[in-house]
Every structure is written in structure tokens, then in C-alpha cells.
Amino acid sequence: MNKKSMLIILIISMAIALRLIPFIFLREPLSTDVWPLIHEGNLLINNVKIWNNTALGGYNNRIPGVLLFSQIVSISTGISPYYIFSLFSFLIIPETMLLFYILVEKLGGNGIISIAFSFFIGSFLIFTSSLLKEVYAYPIFFLILFLSYFSNKIKDLIPIIISIPSLILTHPLPTVLIIGITLLIPIIKRGVNYVSHINYDYKNDKYLIITGIFTLMSYLIYYYTYGINAIKGYYLNSFNFTFFIYLFFITFTYVIFSPKNRNLNKFTYMLTILLGIILLLLSSFQNISLFYDKEYYWQIIILGIPLVFLVPSGFKLEFSKTKNHLIPSSLFILTITSILYTIFSNPILQIVTIRLTNYLIFWGGITIGLISGFNKKIKKFTALISLISLLTGGLTITILSTNLIYQLHWFLSSNWRYSFGFVNSAITAYKLNGLNLTMYGDIKVSYFFSNLANINVNQPLLGNLNGLLLLYKGNYYLGYYLQDGIINLKSLPLSYNNLVLSSPYLSVFYYG
């Protein structure tokens, strides 16, 4: 075994070990989203059918890839879904890292530096410490991306066609990105060729286009016939005219600032970026919904012009070879387009912004790997960046895996995870509500019950309750969490004469 192989094994082993730290410290997963999967996984191994929306909520079971995986593993091995969803990311992350490594190496970059950077960023470490739907989708995403980008024969499409349904059944976001990347790369090629006269090999384009179109058609057929409840309609219905205007402006900017036109000095680059930021801040005051009010379509210009100035210098080092920039460029364009669109034009989608940042982390890993692969002078610098990523990521997840941080900080206590005790108490309260009384609680309670019951968040502040009020331990010393702030419990109509259920984690009050 050579030195390079040993280094890869070491990095992957460290990635696995760090993701096991939360369970070692807490004896439970460090995730808010994994508990519904554990609950539904338990129902599946008790003979509930995957299409039973009444029992399973009609959300996760409509994109059932990871649930079906847990069911197969649990039935065949006897391992509880609790441990599968808490620990089995250690099987998925190495697959993703290896595919990521191979992709960067194939592009001519340094795969070791890439995986050492992307897979140890603190937020990504936390997100991938449990077996969430999107974590399960990552290796399928990179497999399809790799195969489609390097296909050169018709038979190469066979594993792609087989893999696409698995991705669609697992998560919509990487599915949408595969569609975007495979269709955007041929457009970027022709745009850069036209502006900068760089020659590309266009033979692979037909395989990319076939992959993109097949994924798009399969995606639409599946979600409009069966899976639309899984994304509650908002994801499909949110790709309107404004989104594509954003995409056009950012892609246009990228092409205009392609290599042949990079004769601007650093001062000019900084000035254009500063101008872009100023215009973007000004445009953020435009609160007009462009999709619903056609009279104001002209204001797309106000929103679009700033984007032209934000992109220029980000890709300066990606053009060392004519082909290596296409995957990171298209990934960056799509991700930034989506983030800016959700921030300024479709706030209902802001919940997915944190997911989009994961793909920016992938983009950063690919780019830093390519830079270090093609520019030996800064290889040591990029290696240092990756080492810092590893150290800070390890420190972050270790700190978050101690209970002390949750006792001291409201945001972490309320948002990063639900404790095992909270989950058991909340499910008990739900099961005991045989009269189907209205349930009240803050945002954390509401999010936990999102697939089971509707929680009235604001009514406790207004009084006149008629049902069950759920307060968890953190409410008493951190406050009652609303979307726009934290409210002191003194503002709520609490009476301990109404207390009907109490545990160290949850109190339930009855108001009749």
C-alpha cells in the first residue's frame, strides 16, 4: 500500500470517527430531522406499508429511498432503525468521499486536498452525522454526475439510467441540481467558446443532455403522479420566471468574465464587486412579487444587474485547462442562483438555503483541489486550508456533542437537536390525545410534529386556549421560540393547576 492510499484511508477514517462523536457523547443522534425517520422506520418494520400516508405522514414516505434502505437493513440484520439512522452515515460518507475524490482526480486536481476540505467543514460534519435523506442521496448524486460527465459511449448511459430513479426516490434537491448541471454545461461551453474562443470537446454533450432530459422527465412524472406531497408542492411550484432570469444573469456574467476578458486589474475587480454588493442591498428593498404581478416585470432589471457584478473574480483560477472548470462552475452558478432567489424573491424557500450551502462546500472542495492540482506553487497553501477545515470541524462537532452547550444557548438547544427524552415525551403526549384536542407549542414543537399534527404556535400568546400546551425544558430558562423572536414564559397564560403530564423533558398543560 503506497503513501497516497494510506493517506486516503486515514482521512476517511477520521471523517467516520468525527461523525460518531455525537452518538458517543450523547447516546443519541445530533439532528432535528432524523427523529421522524426513526419513528417511520419503526412503523415500517411493524408491517406498515410505505404508501400508508395516514400512518407515515405523507412526506418522507413519498421520497422513501432512505426509509426503504433502513427497512431492508433492519429486517435482514435485526438492527433497530434508531441505530441505523444514528450511525449508518459511516457507510454512506466513505462512498461519497471516494466518488468525490475520484471525480476531482479525473478532472486533474488533488483529490486528497478536496476531501480533506469539504468533508470536515463544521456545519457539514453536523449535517452528515446522521443518516438523513439527503446524506443518503450524496453518493448517488456524485455517481450520476461523474458517469454523465465522462460518458463517451451509448452503453455508458445504462448505469446512469438505472441510478436516476434511485436519486429521485431519495431527495428532490440533488435531483434538481443534476438536471441543472447536465443541461447547463453544454450552454457554458458554447458561451465561453463564443466570447473567449476556447475550444471544447462537444462529443460528450449529447450524453449530458440525455441525462438531464431523462432526469427531468422522470422527476416530473414521479412527483406529479405520486411524490408531490413529499415536497408539499412548494418546490415544484417555485421555479418561476424570476428564477430563470436570475440564472440567465449569473450565467451571462460568468461567460463575459471568461479567461480572454480577464485583463482587468485587481482594483477594477474589487470596484465591480463592491458596486454589485451596493446594488444588491438596494434591490433587496424591492418587495414586489414578480411572479404574481406581471405589471412589475421590469423590476427584474433592478434585481438582476447586481448579480452581474458579484461573480467576476470567483473563477479566475479555474481555467488552467479548458475542461476542468465546467463542473464547479455549473454547480456554483446553480447554487448561488438558488440562494439569491430564495433570499430576495421567494422567502418560503429559505428553509432549503442551509441545504444549498452544502453544495457550496462541495464546490469549494472541487475548486481548491483543482487549483492545487494545476498550480504547484500554492499547493501547500491549499493543503493548509484543508488542515484548518479538519481541525476546526473536529472542534466544532466535539463542542456541540456535549450537553453543556445546550444548557447555555437557546439557538442550539432549540434547533440543532431533539433529545431522546423530549422525543419520547412528545410522542407519549400525542398518543394520549385521544380526543384530538388542539395542540399548542413553539416552533421547535411545531417542527417536530410537522408530519403528525398541526401545532398552533401563536395562540398561547393571545390566550383563550382550548387543548394541550406543550412546553419543553428549554422553554423555562431560554424562552418560547417564535419565528420572529423569543418570548418570556411570563407572557403565556400558565397555570400549574392545568398540568396533566410532566417529565424532565416536557410539560403538558390542559385547557378546556
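Bear in mind that the values here come from a model prediction, so they are computed numbers and not experimental data.
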Test side chain to side chain contact (heavy atoms under 4.5 Å, CB included) applied to [X] - qualifying residues, sequence neighbours left out:
X	answer
Ala426	Phe422, Phe448, Phe449, Leu506
Leu395	Ile399
Ile92	Glu95, Thr96, Leu131, Val135, Tyr136, Pro139
Ile79	Thr77, Tyr83, Ile84, Phe88

For [X], side chain to side chain donor-acceptor pair (under 3.5 Å) partners two or more places apart:
X	result
Glu134	Arg355, Tyr359
Asn498	Ser495
Thr128	Arg19

Distance-only, no hydrogens or angles: does the [X] side chain make a donor-acceptor pair with backbone N or O of [Y] under 3.5 Å?
X	Y	result
Ser218	Thr215	no
Tyr480	Gly441	yes
Thr367	Gly364	no

Can you find a heavy atom in the side chain of [X] that is under 4.5 Å from one in the side chain of [Y]?
X	Y	value
Val66	Phe85	yes
Val508	Leu469	no
Tyr223	Ile168	yes
Ile12	Tyr101	no
Asn52	Asn61	no
Ile361	Ser123	yes
Asn60	Pro36	yes
Trp363	Thr335	no

Which heavy atom of [X] sits nearest a heavy atom of [Y], and at what distance?
X	Y	result
Phe23	Pro29	CD1-N, 4.2 Å
Ser118	Gly365	OG-CA, 3.1 Å
Phe141	Pro174	CD1-O, 3.6 Å
Tyr481	Lys444	CD2-N, 4.1 Å
Ile115	Met97	CG2-O, 3.5 Å
Pro81	Ser74	CD-OG, 3.7 Å

Working to the nearest 0.5 Å, report the span between [atom1] of [X] and [atom2] of [Y].
X	Y	atom1	atom2	result
Ile397	Ile121	CD1	CD1	13.0 Å
Ile113	Leu387	CD1	CG	11.0 Å
Asn456	Thr438	CG	OG1	7.5 Å
Ile455	Ile443	CD1	CD1	11.0 Å
Ile63	Leu169	CD1	CG	9.5 Å
Phe117	Ile388	CZ	CD1	10.5 Å

Q) Looking at the rings of Phe100 and Tyr138, which for Trp means the six-membered one, are their centres under 6.0 Å apart? A) no
Q.
Is there a side-chain contact (heavy atoms from CB on, under 4.5 Å) between Ile427 and Lys431? Walk through the geometry before answering.
A. CA-CA 6 Å; Ile427 292 295; Lys431 289 179 178 179; 3.6 Å; yes
Q: Show your reasoning for whether side-chain contact (heavy atoms from CB on, under 4.5 Å) applies to Thr170 and Phe69.
A: CA-CA 10 Å; Thr170 302; Phe69 168 78; over 6 Å; no
Q.
For Phe509, give me all partners under ring-ring contact (aromatic ring centres under 6.0 Å, His included), at least two apart in sequence or on another chain.
A. Tyr496
**Q.** Between Asn42 and Tyr82: side-chain donor-acceptor atoms closer than 3.5 Å
**A.**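 Asn42 vs Tyr82: no donor-acceptor pair found between side chains.
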Q: Would you please say whether a donor-acceptor pair under 3.5 Å links the side chains of Asn475 and Asp442?
A: yes
Q. Please, which pairs that meet side chain to side chain donor-acceptor pair (under 3.5 Å) have at least one residue in residues 499-512, sequence neighbours excluded?
A. Ser425-Ser503, Tyr476-Ser507
Q.
Please evaluate residues Phe248 and Phe244 with respect to the criterion ring pair (Phe, Tyr, Trp, His ring centres under 6.0 Å), reporting the C-alpha separation (whole Å), side-chain torsions for both, the decisive distance (0.1 Å), and the verdict.
A. CA-CA 6 Å; Phe248 170 78; Phe244 292 104; over 10 Å; no
Q | Atom CG of Asn464 with >12 non-hydrogen neighbours under 6.0 angstrom | A |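 No, the 6.0 Å shell around CG holds no more than 12 heavy atoms from other groups.
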Q: Determine, step by step, whether Tyr440 and Asn466 satisfy the side-chain contact (heavy atoms from CB on, under 4.5 Å) criterion, reporting the C-alpha distance in whole Å, the side-chain angles of both residues, the deciding distance to 0.1 Å, and the verdict.
A: CA-CA 9 Å; Tyr440 307 95; Asn466 185 21; 4.3 Å; yes
**Q.** Pairs involving residues 42-54, ordered by first then second residue, that meet salt bridge (charged side-chain N to carboxylate O under 4.0 Å, His left out) (sequence neighbours left out)
**A.**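 Every candidate salt bridge (charged side-chain N to carboxylate O under 4.0 Å, His left out) pair involving residues 42-54 fails, so no pair, neighbours aside, qualifies.
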Q: Might you work through the side-chain contact (heavy atoms from CB on, under 4.5 Å) test for Val176 and Leu334, ending with a clear yes or no?
A: CA-CA 10 Å; Val176 170; Leu334 287 167; over 6 Å; no
